[in-house]
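If you're wondering where the values come from, they're calculated on a predicted model, not measured in any experiment. These numbers come from the heavy atoms of this one structure, side chains and all, not from hydrogens, waters or symmetry mates.
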Amino acid sequence: MQQVLVKFEDVDQVRNFVNTVSMVEANFELGSGSRIVDPKSILGVLALDLARPQRLICDSDDSAVLERIEPFLARERVG
């Protein structure tokens, strides 16, 4: 399992992120606190507070997954 923080600058970046994770054969969760959504759903992602970094959890340990989502990673580290 991998955990990273992702951050989006605009709706186009959200759309690109959703398209990217939708092509990955893994299960994901995105959100913070009690608000967790499926990051393969653009409406779910847009329902989050996108002004703040969101925690992305992936059930795969494949490093290729991180390479695909690298453009969306926040500079902060998961604590």
Participant: Nearest 0.5 Å, what's the CZ-NZ distance between F17 and K40?
Facilitator: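 Nearest 0.5 Å value for the CZ-NZ distance: 10.5 Å.
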Participant: Among residues at least two apart in sequence or on other chains, which ones pass side-chain contact (heavy atoms from CB on, under 4.5 Å) with A26?
Facilitator: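 side-chain contact (heavy atoms from CB on, under 4.5 Å) list for A26, sorted by chain: V24, F28, C58, D59, S60.
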Participant: Applying side-chain contact (heavy atoms from CB on, under 4.5 Å), name anything that partners E70, two or more places apart in sequence or on another chain.
Facilitator: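 Per chain and number, E70 pairs via side-chain contact (heavy atoms from CB on, under 4.5 Å) with L73.
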Participant: Just grab all the salt bridge (charged side-chain N to carboxylate O under 4.0 Å, His left out) pairs involving residues 12-35, residues at least two apart or on different chains.
Facilitator: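 Sorted result for residues 12-35: D12-R15.
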Participant: Return the minimal non-hydrogen interatomic distance between Q2 and V65, and the atom names on each side.
Facilitator: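 Smallest interatomic distance, heavy atoms only, reads NE2-CB, 4.3 Å.
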Participant: Sequence neighbours left out, what passes side-chain contact (heavy atoms from CB on, under 4.5 Å) with M1? Give chain and number order.
Facilitator: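 Once residues adjacent in sequence are excluded, the partners of M1 under the side-chain contact (heavy atoms from CB on, under 4.5 Å) criterion are Q3, I57.
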Participant: Roughly how far, to the nearest 0.5 Å, is the OG atom of S32 from the CG atom of D49?
Facilitator: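 Spacing of CG (D49) from OG (S32) equals 7.0 Å.
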Participant: Looking only at heavy atoms, which two atoms of L5 and P53 are closest? And how far apart?
Facilitator: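 So the two residues come closest at CB-CB, 4.3 Å.
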Participant: Can you find a pair of side-chain heavy atoms, one from V14 and one from L50, that are under 4.5 Å apart?
Facilitator: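 Yes, their side chains come closer than 4.5 Å.
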Participant: Do you know which of I36, D38, L48, V21 makes side-chain contact (heavy atoms from CB on, under 4.5 Å) with L30?
Facilitator: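 Among I36, D38, L48, V21, the one meeting side-chain contact (heavy atoms from CB on, under 4.5 Å) with L30 is L48.
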Participant: N16 versus F72: any side-chain heavy-atom pair under 4.5 Å?
Facilitator: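 Result yes, sub-4.5 Å side-chain heavy-atom pair found.
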Participant: Would a 4.5 Å heavy-atom cut-off, applied to side chains only, mark Q13 and D10 as touching?
Facilitator: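 Yes, at least one pair of side-chain atoms sits under 4.5 Å.
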Participant: Please list, chain by chain and in numerical order, all residues satisfying side chain to side chain donor-acceptor pair (under 3.5 Å) with N19, sequence neighbours excluded.
Facilitator: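 Partners of N19 by the side chain to side chain donor-acceptor pair (under 3.5 Å) criterion come out as none, since no residue qualifies.
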Participant: Go through the structure and list residues passing side chain to side chain donor-acceptor pair (under 3.5 Å) with D62, not counting sequence neighbours.
Facilitator: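 With neighbours one apart ignored, the set is empty.
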Participant: Do R68 and M23 make a side-chain contact, defined as non-hydrogen atoms from C-beta onward lying under 4.5 Å apart?
Facilitator: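 Yes, at least one pair of side-chain atoms sits under 4.5 Å.
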Participant: If you define the side chain from C-beta out and look only at heavy atoms, does anything of S22 sit under 4.5 Å from V18?
Facilitator: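 When only atoms from C-beta onward are counted, V18 and S22 do touch, with a gap below 4.5 Å.
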